[in-house]
K.L.:
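Provided herewith is a single structure, encoded as structure tokens, for subsequent inquiry.
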4 protein chains.
Amino acid sequence: MARRSNTDERRGQIVAALQAVMAKAGYAGATIAAIARHAELAPGLVHYHFKDKREILVALVDSLAGYARQRYESRAAAAQTAEQRLQAYIAAHLAYGSDAQPDAVAAWVMIGEQSAHDPDVREVYQAVLAAQMKLLKGLLRQRFAERGRRARGLDALVAGITCFIQGAFTLSTTARPLLPTAFAAPTLIDWVERYIDTQEER
Amino acid sequence: MARRSNTDERRGQIVAALQAVMAKAGYAGATIAAIARHAELAPGLVHYHFKDKREILVALVDSLAGYARQRYESRAAAAQTAEQRLQAYIAAHLAYGSDAQPDAVAAWVMIGEQSAHDPDVREVYQAVLAAQMKLLKGLLRQRFAERGRRARGLDALVAGITCFIQGAFTLSTTARPLLPTAFAAPTLIDWVERYIDTQEER
Amino acid sequence: MARRSNTDERRGQIVAALQAVMAKAGYAGATIAAIARHAELAPGLVHYHFKDKREILVALVDSLAGYARQRYESRAAAAQTAEQRLQAYIAAHLAYGSDAQPDAVAAWVMIGEQSAHDPDVREVYQAVLAAQMKLLKGLLRQRFAERGRRARGLDALVAGITCFIQGAFTLSTTARPLLPTAFAAPTLIDWVERYIDTQEER
Amino acid sequence: MARRSNTDERRGQIVAALQAVMAKAGYAGATIAAIARHAELAPGLVHYHFKDKREILVALVDSLAGYARQRYESRAAAAQTAEQRLQAYIAAHLAYGSDAQPDAVAAWVMIGEQSAHDPDVREVYQAVLAAQMKLLKGLLRQRFAERGRRARGLDALVAGITCFIQGAFTLSTTARPLLPTAFAAPTLIDWVERYIDTQEER
DNA sequence: CATGAATGAGGATTCATTCAT
DNA sequence: CATGAATGAATCCTCATTCAT
């Protein structure tokens with residue numbers, strides 16, 4: 001009888017191991033040996049399931065994007081208003097809660113750095129960001145409408161919020177002691193609401 | 001007759017080369033050979049002037065910090081008001097002008113990633129950020145005073161601005177096409193002013 | 001009801017796959033995985049039918065020898081004279097016709113290279129060559145007799161013809177563009193006949 | 001004081017080592033470690049002087065071509081007639097003498113095999129063969145003239161001689177016991193002269 | 001100070017072979 | 001017989017660092 005394929009499971013293990021190792025040591029420091037050790041697999045097996053190291057990284061980008069999407073959706077499910085949905089988006093990215101995954105944030109920071117000089121990674125990285133920004137733009141438009149404000153300069157607002165989030169990821173990974181505790185999500189929500197408040201009515 | 005030491009000049013060349021190479025290839029991709037080639041020096045000479053690769057990186061952090069400081073000071077010199085000084089700070093970090101140095105931004109992003117798993121780098125990286133945040137806090141306090149507002153939640157504001165700036169660095173390096181052109185400085189200034197506007201008076 | 005063994009069929013598939021893959025990629029490049037893929041079999045199955053990779057190569061030598069023998073025999077069947085039989089031998093090896101198998105020639109070249117440093121392969125390779133040379137020697141002796149010439153220096157002639165054939169194999173595989181089209185068989189036949197012509201009568 | 005470059009010397013050592021190792025073990029078997037060991041160098045040094053393994057092989061092709069050329073020229077220097085020059089060419093390739101280099105022949109056989117599936121190698125390999133065939137064609141034309149024969153079918157003759165030589169290389173490497181001793185050069189010269197003898201006069 | 005050859009410890013990747021199912 | 005996951009040794013190549021000159 002043929003063996004049952006466990007490729008998906010193995011790939012998942014390996015991707016998770018890359019995330020964990022990369023969070024500690026960066027992409028360059030995430031050696032195949034370290035990944036295999038973390039996943040408790042033989043090194044050769046990693047290359048049985050992935051063509052090369054970069055392919056694991058690309059899979060990790062997908063995994064993290066899916067994870068962020070899930071966090072947003074589980075929060076948005078309970079939201080009644082545009083305000084709540086917008087806050088769900090921000091909290092999904094920035095809040096520390098029971099579903100927080102510090103490794104994921106650190107890994108995402110490392111991925112950003114890699115995408116600067118690896119076209120394959122950049123492609124998926126940018127695709128994920130573009131999708132998130134598109135979602136965010138829709139949420140903001142709804143929120144502006146809910147508040148009866150003119151939705152001008154939305155692109156800059158979307159870009160600014162995305163910068164804030166990415167920067168918060170970076171600094172929480174590299175300079176945690178310089179940041180106030182649990183400040184990111186409340187601060188960003190506060191900023192955005194004040195911004196909308198001061199926007200002209202329509 | 002003793003020959004004049006050219007150590008400082010050489011060190012400067014090497015640090016500049018690291019910045020340039022790192023901007024293109026990241027820290028892991030910045031091999032000593034590549035640095036030496038860029039600096040037009042023999043590889044061996046690099047290790048005469050620096051104990052090891054990390055020491056160059058630490059020197060680069062200092063160099064970039066000094067450069068950012070300079071950009072701020074030359075802009076602040078002409079400032080009359082707290083508002084102008086605050087804008088000088090933001091523009092010094094985010095504006096594209098004749099003194100823009102895209103390599104520097106990219107290199108700073110790579111340094112952030114490194115500092116996540118290299119204690120020596122983290123130390124200087126955090127020191128630079130701490131100094132910048134301290135300066136920013138003073139500027140904000142002045143600006144709040146100038147506007148007659150209560151300076152509450154300053155630390156979160158400082159952290160938020162710093163997140164925005166770091167995030168803008170990252171995204172301009174890794175996802176430039178997703179960002180509006182020249183949006184960062186104006187957007188951040190707008191946000192901050194709206195924030196102050198909506199702050200209670202004292 | 002006992003299942004009929006399909007071992008012979010499978011072995012044949014695998015040997016054929018090695019021939020095809022080796023023709024393209026050489027012996028070192030003929031990985032078990034590539035062979036299995038070409039034969040549309042699971043990699044593990046290859047080692048069920050063959051102890052190791054070399055054993056497949058040895059089987060391929062036999063297969064190719066048998067194939068060459070067949071080509072000769074089907075041509076020689078119609079031959080009436082020693083001249084025709086000799087020409088059948090040369091054409092069987094060198095002529096391009098409906099039964100041409102370029103993969104077989106390329107594979108034979110690769111086998112020659114392997115036999116230089118693999119005693120097991122060398123043994124079968126030399127055995128095949130020895131048998132062919134023995135057959136050729138008989139054909140030449142008959143042809144000399146038919147022409148009424150003294151069969152002196154037969155061994156050198158046999159060796160020379162064999163060199164020519166092997167060299168034509170090599171060059172048609174590695175330097176086809178340097179060779180005239182379809183020159184090999186006619187040229188060699190011409191040479192041999194002129195050689196016999198100039199041989200002293202007996 | 002700057003170190004004196006010894007790159008040419010080292011490259012020569014490494015190429016010679018590849019030739020020796022390849023003669024015994026083939027190209028795939030000529031590991032960098034084995035080459036370095038043979039040359040008594042550290043493995044890393046091999047890659048300091050050559051980008052990769054294939055670059056060594058390409059250098060070896062050049063080296064062997066130069067060597068063959070030298071053998072021909074030193075023999076041709078003493079030649080007075082076209083006949084002697086033609087024999088010099090054949091002897092340079094096939095005769096065993098004080099300047100024989102069995103490793104070179106074996107290495108050339110391995111190179112031929114490689115060139116079948118490595119475009120970079122094929123390019124230089126074919127270039128060498130093309131140059132040799134061009135030289136040979138000129139020599140044959142002179143010899144035909146000297147004998148007062150019509151130089152028809154020269155290309156086929158050139159190709160045939162080249163096949164013979166290549167085949168002699170292969171068989172002397174892979175099946176020496178099947179060949180008569182020192183038969184190759186005399187036999188080929190004999191064939192060629194008989195061929196010319198039987199050529200129509202002009 | 002300067003040069004560039006030399007070293008050797010990794011690190012990614014390949015692959016024949018084994019083996020549980 | 002068949003499958004394909006698993007293993008781990010072997011190999012190419014990179015690169016920080018050293019050092020003789």
Side-chain angles (χ1 to χ4, degrees), chain A residues 1-7 9-11 28-36 40-56, chain B residues 2-7 9-10 28-37 41-56, chain C residues 2-7 9-10 28-37 41-56, chain D residues 1-7 9-11 28-36 40-56:
Chain A
M1 189 185 65
R3 284 192 68 166
R4 183 103 63 46
S5 171
N6 61 351
T7 291
E9 197 184 321
R10 282 281 180 264
R11 283 178 66 102
T31 66
I32 295 288
I35 295 167
E40 296 184 276
L41 300 172
L45 193 54
V46 173
H47 281 96
Y48 179 78
H49 290 290
F50 289 94
K51 188 172 78 58
D52 57 22
K53 202 177 146 182
R54 234 179 24 192
E55 206 180 87
I56 316 176
Chain B
R3 203 148 142 221
R4 175 103 124 316
S5 165
N6 58 358
T7 292
E9 192 187 329
R10 284 280 182 262
T31 66
I32 295 286
I35 295 166
R37 207 177 312 125
L41 297 173
L45 197 53
V46 173
H47 278 89
Y48 179 83
H49 291 290
F50 290 93
K51 186 170 75 57
D52 58 23
K53 205 178 145 183
R54 230 173 31 188
E55 208 180 84
I56 317 176
Chain C
R3 211 154 134 213
R4 176 101 124 313
S5 166
N6 58 358
T7 292
E9 191 187 328
R10 284 281 182 262
T31 65
I32 296 287
I35 296 166
R37 208 177 310 125
L41 297 174
L45 197 52
V46 173
H47 278 88
Y48 180 82
H49 291 289
F50 290 93
K51 186 171 76 58
D52 57 24
K53 205 179 145 182
R54 233 175 27 189
E55 209 180 85
I56 316 175
Chain D
M1 191 186 66
R3 288 191 67 163
R4 183 103 65 45
S5 171
N6 61 350
T7 292
E9 197 183 322
R10 282 282 180 265
R11 282 178 66 102
T31 67
I32 297 288
I35 296 167
E40 297 184 278
L41 299 173
L45 193 54
V46 173
H47 281 97
Y48 179 78
H49 290 289
F50 289 94
K51 188 171 79 58
D52 56 23
K53 204 178 146 182
R54 233 177 26 190
E55 206 180 86
I56 316 176

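Below, each value reflects all heavy atoms present in this structure, side chains not excepted, and no hydrogens, waters or symmetry copies. Letters A, B, ... mirror the listed sequences (proteins, then strands); counts begin at 1.
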K.L.:
Calculate the interatomic distance between A:Arg54 atom CZ and E:dT13 atom C1'; express it in whole Å.
P.N.:
14 Å

K.L.:
May I have the distance from A:Glu55 (atom CD) to E:dA12 (atom P), rounded to whole angstrom?
P.N.:
15 Å

K.L.:
To the nearest Å, how far apart are D:Lys51 NZ and F:dC15 P?
P.N.:
13 Å

K.L.:
What nitrogen or oxygen pairs link the protein and nucleotides 7-9 of chain E at under 3.5 Å?
P.N.:
{"residue": "E:dT7", "atom": "OP2", "partner": "D:Ala42", "partner atom": "N", "Å": "3.3"}

K.L.:
Which heavy atom in A:Ala30 sits nearest to a heavy atom in A:Ile35, and how many Å separate them?
P.N.:
O-CD1, 3.8 Å

K.L.:
Once rounded to the nearest 0.5 Å, what's the spacing between atom NE2 of B:His47 and atom CD1 of B:Ile32?
P.N.:
4.5 Å

K.L.:
Under 4.0 Å between a side-chain N or O of A:Asn6 and OP1 or OP2 of F:dA6?
P.N.:
yes

K.L.:
Determine the interatomic distance between P on E:dC1 and the same-named atom on F:dT21; round to the nearest Å.
P.N.:
23 Å

K.L.:
How long is the line joining NE2 of D:His47 and P of E:dG10, in whole Å?
P.N.:
19 Å

K.L.:
Rounded to the nearest angstrom, tell me the gap between atom NZ in A:Lys53 and atom C1' in E:dG10.
P.N.:
12 Å

K.L.:
Which is more 5' along DNA chain F, the nucleotide nearest C:His49 or the one nearest D:Ile32? Just name the residue.
P.N.:
C:His49

K.L.:
Determine the minimum heavy-atom distance between D:Ala36 and D:Pro43, stating which atoms define it.
P.N.:
CB-CA, 3.7 Å

K.L.:
Report yes if a side-chain nitrogen or oxygen of A:Thr7 is closer than 4.0 Å to either non-bridging phosphate oxygen (OP1 or OP2) of F:dA5; otherwise report no.
P.N.:
yes

K.L.:
Using the closest heavy atom to pick a nucleotide of DNA chain F for each, name whichever of C:Arg10 or B:Asp52 lands nearer the 5' end.
P.N.:
C:Arg10

K.L.:
Under the salt bridge (Lys or Arg N to Asp or Glu O under 4.0 Å) rule, collect the residues that match up with D:Arg11, sequence neighbours excluded.
P.N.:
D:Glu55

K.L.:
Using salt bridge (Lys or Arg N to Asp or Glu O under 4.0 Å) as the criterion, list what pairs up with C:Arg37, not counting sequence neighbours.
P.N.:
none

K.L.:
Got a sec, which pairs hit salt bridge (charged side-chain N to carboxylate O under 4.0 Å, His left out) with one end in residues 40-52 of chain A, sequence neighbours left out?
P.N.:
none

K.L.:
Kindly express the pairing pattern of DNA chain F in dot-bracket notation, using | wherever a base pairs with another strand and counting only Watson-Crick or G-U pairs under 3.5 Å.
P.N.:
.||||||||||||||||||||

K.L.:
Over how many whole Å does the gap from A:Phe50 atom CZ to E:dT14 atom C1' extend?
P.N.:
18 Å

K.L.:
When rounded to the nearest 0.5 angstrom, what distance separates CG in D:Leu41 from OH in D:Tyr48?
P.N.:
13.5 Å

K.L.:
For A:Arg10, check side-chain hydrogen bond (donor to acceptor under 3.5 Å, both in side chains) against everything at least two apart and list the hits.
P.N.:
none

K.L.:
Mind calculating the distance between CD1 (D:Ile35) and C1' (F:dT11) to the nearest angstrom?
P.N.:
11 Å

